[in-house]
Amino acid sequence: MVPGPTSSLAVICILLSTFSFYQSNAQLSANFYSSTCPNVSTIVQNVIQQALQSDARIGASLIRLHFHDCFVNGCDASLLLDNNATTNIVSEKDAAPNANSTRGFDVVDNIKTAVESSCPGVVSCADILALAAESSVSLAGGPSWNVLLGRRDSRTANQAGANTSIPSPLEGLSNITSKFSAVGLNVTELVALSGAHTFGRAQCRVFSARIYNFNGTGNPDPTLNTTYLANLRQICPQNGSATALANLDPATSDSFDNNYFANLQNNQGLLQSDQELFSTAAATTASIVNTFSSNQNTFFQSFVQSMINMGNISPLTGTNGEIRSDCKRVN
């Protein structure tokens, strides 16, 4: 079919917007450390492989750190900073979405130590988070990709921003969509990135209301598969431990695949924010869930591009920020 004037114009607009997107992020490059730290990807992967020996969920935890970092002032490793009265740092680690929830900081520190030993003062903590996310996915059987690098580290944190900008598993789809839109990510990217819940765990406290008192009704969320509900109640009894863990994907809990989307189709999404992608009336996300469920390669391709786009959120480059020698504190 030969495009008419309108469709030709649309193609030109898409090409121009794509070109400007890559132009605006031209400072990030897959080859950024090719001469200064050529083995950085291998170093990162080796530390994560070692960590996986004793902690099967560490990969999911590391990709979550990258996600929670990028949504607050961009991908600048601000999440990694500890409280420090001297430098006026009020840590994002203590924000509601992160406190007693984010984990893997010790592994990031181990990666940083290994990288510093090989290439001192060269690789940013922000880039370590991006590389760790890619390694975590590929080591779990998911896709691998060339991570764009060249980010620098923030000298400040934004706890208030972390409290308001990070999507919550207890929020409705419209709110979550707005939070993704605020950082330049669209609905397809929202569904693709949610697919990272194909591995990892969640604490009972995050979803207990869904299985006992959904929206204050005294009943479970009506979208929950009844067999799945019974299983969740066994893992999380009503007066049990709030920090007990349930697999985000009950079928292939430590593998990165597209099974997450089949779970949603079967009303077996663990978190409210997961299930709403499929069960919200008239939501455009449902058709994307169906596409990713039926074709793992399509999901993988979309996930990779979405991770690259997320990693491009407001990076500090050039002379902005710094290269922290310790990810927990400014230099």
All pairs passing disulfide bond (SG atoms under 2.5 Å apart) where residues 112-175 contributes a residue, at least two apart: C37-C119, C125-C327

Q305 and Q301 side chains, donor-acceptor separation under 3.5 Å: no

Polar contact flag, side-chain donor to acceptor under 3.5 angstrom, R151-S124: no

Co-membership, hydrophobic cluster, residues L65 and L148, 4.5 Å side-chain: yes

Trace of the side chain to side chain donor-acceptor pair (under 3.5 Å) decision for N225 with N266: CA-CA 7 Å; N225 176 291; N266 294 322; over 6 Å; no

D221-T223 side chain donor-acceptor pair, cut-off 3.5 Å: yes

Summary of disulfide bond (SG atoms under 2.5 Å apart) pairs that have at least one residue in residues 268-302, sequence neighbours excluded: none

Any side-chain donor near an acceptor of the partner, Y228 and N263, under 3.5 Å: no

Check: Q265/S293 side-chain N/O donor and acceptor closer than 3.5 Å: yes

Connected hydrophobic set around V330, excluding itself, where side chains approach under 4.5 Å: L81, I89

Least distance between heavy atoms, I166 atom then K179 atom: O-NZ, 3.2 Å

Hydrophobic cluster partners of F214 (side-chain heavy atoms under 4.5 Å): none

Minimum heavy-atom distance S101-R64, with the two atoms named: OG-NH2, 2.8 Å

Donor-acceptor side-chain pairing of N331 and R324 below 3.5 angstrom: no

Side-chain donor-acceptor contact under 3.5 Å, N309 with E189: yes

Partner set under ring pair (Phe, Tyr, Trp, His ring centres under 6.0 Å) for F278, not counting sequence neighbours: none

Residues T252 and D249: side-chain donor-acceptor under 3.5 angstrom: yes

Ring pair (Phe, Tyr, Trp, His ring centres under 6.0 Å) between F292 and F303, worked out: CA-CA 10 Å; F292 290 162; F303 181 81; 9.5 Å; no

Ring geometry between F256 and F299 (parallel below 30°, tilted from 30 to 60°, perpendicular above 60°): parallel

Check: T198/N259 side-chain N/O donor and acceptor closer than 3.5 Å: no

Short side-chain donor-acceptor distance under 3.5 Å, D76 and S78: yes

Pairs involving residues 67-118, ordered by first then second residue, that meet disulfide bond (SG atoms under 2.5 Å apart) (sequence neighbours left out): C70-C75

Pair N158-E92, side-chain donor/acceptor within less than 3.5 Å: no

F105 six-ring centre to K328 NZ/CZ under 6.0 Å and within 45° of normal: no

